[in-house]
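Here the structure comes first, spelled out in structure tokens, and everything after it is commentary.
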Amino acid sequence: MSSSSLLRARPAVSTVAAAAVAEIRCRGAAAAAIRSTTSASSSSGDGVRALSSCSSPVTSDSRRSYASSTSSALHIQQPLVLPSSCISLAAGRHDESSVSTFDSAGQRTLLSTAAAEPDGNDGSNGDGDGGSGGGGRSEDEGPKQASASVVKQQRLSKVPISEVLNAKHTLRWVEPVIDQHATIQEGMAVAIERGLSGMMVVDRESTTSTSSRERGKVVGMTTSRDLLRVMHAGFKEGKTADELVKVTVKEFMTPLSQVIYARPEETIGTCRIIMAKLGVKCLPILSHGRVEGLITARDISEYSLEAREGVSAKGGKKNYLKHVSERVGLSVNTSMAEPPAYLKAQLALEQNPLFINVGVAEMPHPFKTPESCGMNARDHGPNDHSTDTDLSEDAYFVCEVNLPDDAAEGEVGTYKHLTYMGVADGVGSWREYGVDPREFSHRLMDECEHILKEASENAREDADRHRIIAPAEVLAQAYERVKAANIIGSSTACVALFDNARHQLHFSNLGDSGIIVLRHIDSDVAGSLKRDRTTPRADRKSDLRVAFVSQQQLRSFNHPYQFGWTGEELKDDESSFKTAADSCTTSIHIRRGDIIIMATDGLFDNVDIDDIAKVALEWEQKNGFIRGGDIAAREKRWSMGNSMSVQSCETLPELAQTLCEKARENSLDSSVDSPFAILAKENDIMWSGGMPDDCTVVAMHVVGRRSDDVLDRSNN
């Protein structure tokens with residue numbers, strides 16, 4: 001982590017004021033960015049239950065290029081998170097002074113139902129169409145009467161989400177709350193009987209006001225998906241149904257610091273973006289410290305339907321005959337269709353395990369010396385740029401272990417070969433307090449590796465007690481060991497696990513390091529959303545696409561959340577220090593041929609995500625992994641048993657090194673704005689050129705054979 005941002009990440013984190021910014025900017029259909037403002041917020045930046053279930057390829061990065069996806073021009077910089085200060089549940093508020101309708105093109109017409117005001121009281125000069133007096137009609141046309149008049153046309157996506165909430169409450173008001181001491185059994189009953197997909201968890205013994213509508217202090221949130229997830233996890237642990245239904249909501253609810261919310265004035269379009277990007281299905285609407293209600297994707301769909309077709313759109317004989325009668329009931333001979341032809345080759349490969357080759361490169365801050373770290377070339381003096389990796393505050397580990405398969409259904413002696421990897425970025429501002437910033441990050445990664453090796457050794461003696469360890473658990477245990485050793489400092493961290501049998505990459509990320517997945521996608525058959533619509537098909541050399549970008553957690557611009565230790569536990573909820581439970585934990589489906597890049601922010605701050613893909617493509621073409629973007633030829637080579645795994649293993653360090661060098665080159669170039677500089681200016685901070693920093697890259701290539709496979713070696 002660069003020293004230029006260190007004042008924002010001082011050890012005295014309990015005194016740092018929270019100041020994140022949220023704003024939607026729509027530039028036609030080309031781009032959108034969200035910044036979030038939360039006063040007294042102790043958020044991690046995650047989506048609702050994103051810690052365990054943000055499985056969709058979404059992101060809330062504040063790194064502009066890192067968070068952008070080639071398949072979408074929309075970008076969430078930082079989600080809105082419920083403040084951990086006093087939050088209460090508000091009464092339902094109905095605003096029936098206006099009715100919205102939409103035409104077939106999705107344009108919104110607001111019809112005023114208020115009586116017309118005399119001239120001079122309606123805010124118009126009598127000759128415009130903005131008043132309520134009949135669109136500028138002169139007085140000699142007769143007295144003005146109460147009538148509906150068109151005020152303005154607006155697209156559905158521009159309608160405030162408060163209108164959706166008002167429409168929902170007007171139709172049916174239910175209390176979307178549950179007591180924190182309620183059991184799973186009671187939670188299921190409340191969700192089903194009230195038709196709720198999400199509920200705010202309240203402490204009824206504590207209140208925040210004397211309001212007659214007060215339902216207790218809000219302490220968290222839970223969803224119907226949480227209930228199923230807890231039941232599933234319990235069954236895997238061998239618990240009985242009777243034991244699980246007695247678990248209280250408080251034990252598994254999403255805490256306030258991780259609940260994503262929206263504000264009443266924000267639009268339907270904004271809420272859709274948040275829900276889609278973060279995998280959130282339910283959004284609390286927060287106004288002045290009170291939760292006005294919950295909005296779901298279904299609420300938005302119903303509002304859209306009624307706005308277009310009227311309140312009778314879902315009922316009556318006509319609607320049944322038009323929409324339902326020909327679509328209800330399946331034939332007894334109904335079966336599932338075969339997968340599309342373009343997926344059959346990949347699905348056939350999924351019957352076999354995949355393997356991963358890893359290459360690592362690191363490079364220190366260019367202006368770093370054993371004594372100090374300069375902010376710029378002037379501070380560094382006439383010295384050459386630093387190349388001593390021992391000076392880097394970044395750290396990493398790669399570890400291969402054999403652990404018992406916890407999904408082997410009772411089979412004894414079933415082990416899985418697993419590959420773990422991780423990166424950490426130490427916070428350089430500790431240098432100002434006489435603390436070596438390298439110690440915390442390096443010790444954290446060392447402990448991660450020690451934990452995994454110990455688990456592998458212990459599993460040989462007692463397989464029942466030592467199963468596969470999730471990345472979040474690895475980080476949690478390592479963090480506790482670092483604190484127990486009284487290592488002062490702080491660091492961001494990202495740890496991942498590659499499951500070769502299930503073709504899954506599981507990872508947990510806290511801070512602004514992260515992972516991207518690059519994949520060749522045949523744009524002729526993959527749908528318009530995945531196509532490169534800027535380059536003609538004949539001119540495109542490849543269909544290498546960004547398939548996934550991990551989510552970051554930032555307190556504010558250039559101020560990531562981090563693991564840290566000052567010598568004592570900090571009680572302040574506003575601290576920048578978080579735990580593994582606050583990290584974004586995600587699982588990604590991986591395919592053969594994918595390129596996975598795990599790196600610290602030194603890469604993503606300086607190299608645009610599309611440029612990372614270009615570098616990866618050049619590496620593939622240089623080594624013959626793909627020729628001219630011909631995916632079919634590559635799959636034919638695979639079917640003949642030629643995985644080229646040996647060449648992949650031998651050349652991957654070159655890819656990692658090239659990316660590090662590209663990051664350094666861009667960081668020293670003051671003539672072109674880096675992703676960091678672009679985002680800085682969007683946050684009203686003047687910055688030009690690159691962002692010199694330590695850089696560590698772990699490059700991975702998914703192959704069909706192990707690099708030590710004799711058969712594969714003979715095919716190379």
Side-chain angles (χ1 to χ4, degrees), residues 49-55 228-239 244 252 350-358 396-424 444-481 493-510 515 517 548 550 579-581 583-592 594 596 598 698 700 702-703 706:
R49 195 50 66 183
L51 303 184
S52 60
S53 61
C54 53
S55 57
L228 293 174
R229 178 182 54 80
V230 173
M231 295 289 287
H232 172 69
F235 287 138
K236 288 186 66 176
E237 295 172 0
K239 296 181 180 179
L244 290 174
F252 61 85
E350 290 189 1
Q351 305 303 317
N352 301 317
L354 293 177
F355 301 92
I356 193 167
N357 290 327
V358 182
Y396 73 91
F397 81 93
V398 178
C399 181
E400 296 186 19
V401 295
N402 293 301
L403 294 173
D405 188 354
D406 55 358
E409 297 183 358
E411 296 182 18
V412 180
T414 303
Y415 286 78
K416 294 181 67 174
H417 183 80
L418 303 168
T419 304
Y420 289 82
M421 67 289 298
V423 294
L444 185 67
M445 292 294 97
D446 288 343
E447 292 296 350
C448 287
E449 187 170 5
H450 293 160
I451 289 167
L452 293 168
K453 290 182 177 179
E454 290 170 8
S456 182
E457 290 292 330
N458 294 334
R460 298 177 185 177
E461 302 175 1
D462 188 356
D464 292 334
R465 295 183 58 187
H466 297 86
R467 296 287 181 174
I468 296 175
I469 309 176
E473 180 62 22
V474 175
L475 277 171
Q477 292 185 28
Y479 184 32
E480 291 302 318
R481 291 190 181 189
C494 179
V495 171
L497 156 65
F498 179 71
D499 185 338
N500 68 334
R502 296 181 180 84
H503 303 185
Q504 293 280 327
L505 183 72
H506 312 278
F507 75 88
S508 292
N509 181 48
L510 181 68
I515 289 176
V517 177
F548 178 84
S550 65
T579 67
S583 64
C584 176
T585 298
T586 309
S587 295
I588 320 164
H589 182 74
I590 297 300
R591 289 185 176 178
R592 187 173 181 177
D594 284 355
I596 306 167
M598 171 189 281
V698 179
M700 294 162 269
V702 183
V703 294
R706 294 176 60 94

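Quick caveat, the model's predicted, so the values are computed rather than measured.
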Is there side-chain contact between Glu447 and Gln477, with at least one heavy-atom pair below 4.5 Å? no
Non-hydrogen side-chain atoms of Ile596 and Leu505 separated by less than 4.5 Å: yes
Would you say Asn509 and Ile515 make side-chain contact, with heavy atoms under 4.5 Å? no
So, taking the atom named CD1 in Ile588 and the one named NE2 in His506, what distance separates them when rounded to the nearest 0.5 Å? 9.5 Å
Output all residues satisfying side chain to side chain donor-acceptor pair (under 3.5 Å) with Asp594, sequence neighbours left out; order by chain, then residue number. Arg519
Atom pair CE (Met421) and CE (Met700), whose distance is rounded to the nearest 0.5 Å: 5.0 Å
Mind telling me whether Phe548 and Phe507 have parallel, tilted or perpendicular rings, with 30° and 60° as the class edges? perpendicular
To check you understand the geometry: which heavy-atom pair defines the closest contact between Arg502 and His589, and what is its length? O-ND1, 4.4 Å
Ignoring hydrogens, what is the shortest heavy-atom contact between Ala472 and Ala580? Give both atom names and the distance. O-CB, 3.4 Å
Do Tyr420 and Leu403 come close enough that some side-chain heavy atom pair is under 4.5 Å? yes
Positive for side-chain contact (heavy atoms from CB on, under 4.5 Å) with Val495, one of Ser508, Ser583, Cys448: Cys448
Could you check if a side-chain atom of Arg481 sits within less than 4.5 angstrom of a side-chain atom of Ile451, using non-hydrogen atoms only? yes
Calculate, to the nearest 0.5 Å, the distance between atoms CG and CG belonging to Asp499 and Leu354 respectively. 10.0 Å
How about Ser550 and Thr586: do any of their side-chain heavy atoms sit closer than 4.5 Å? no
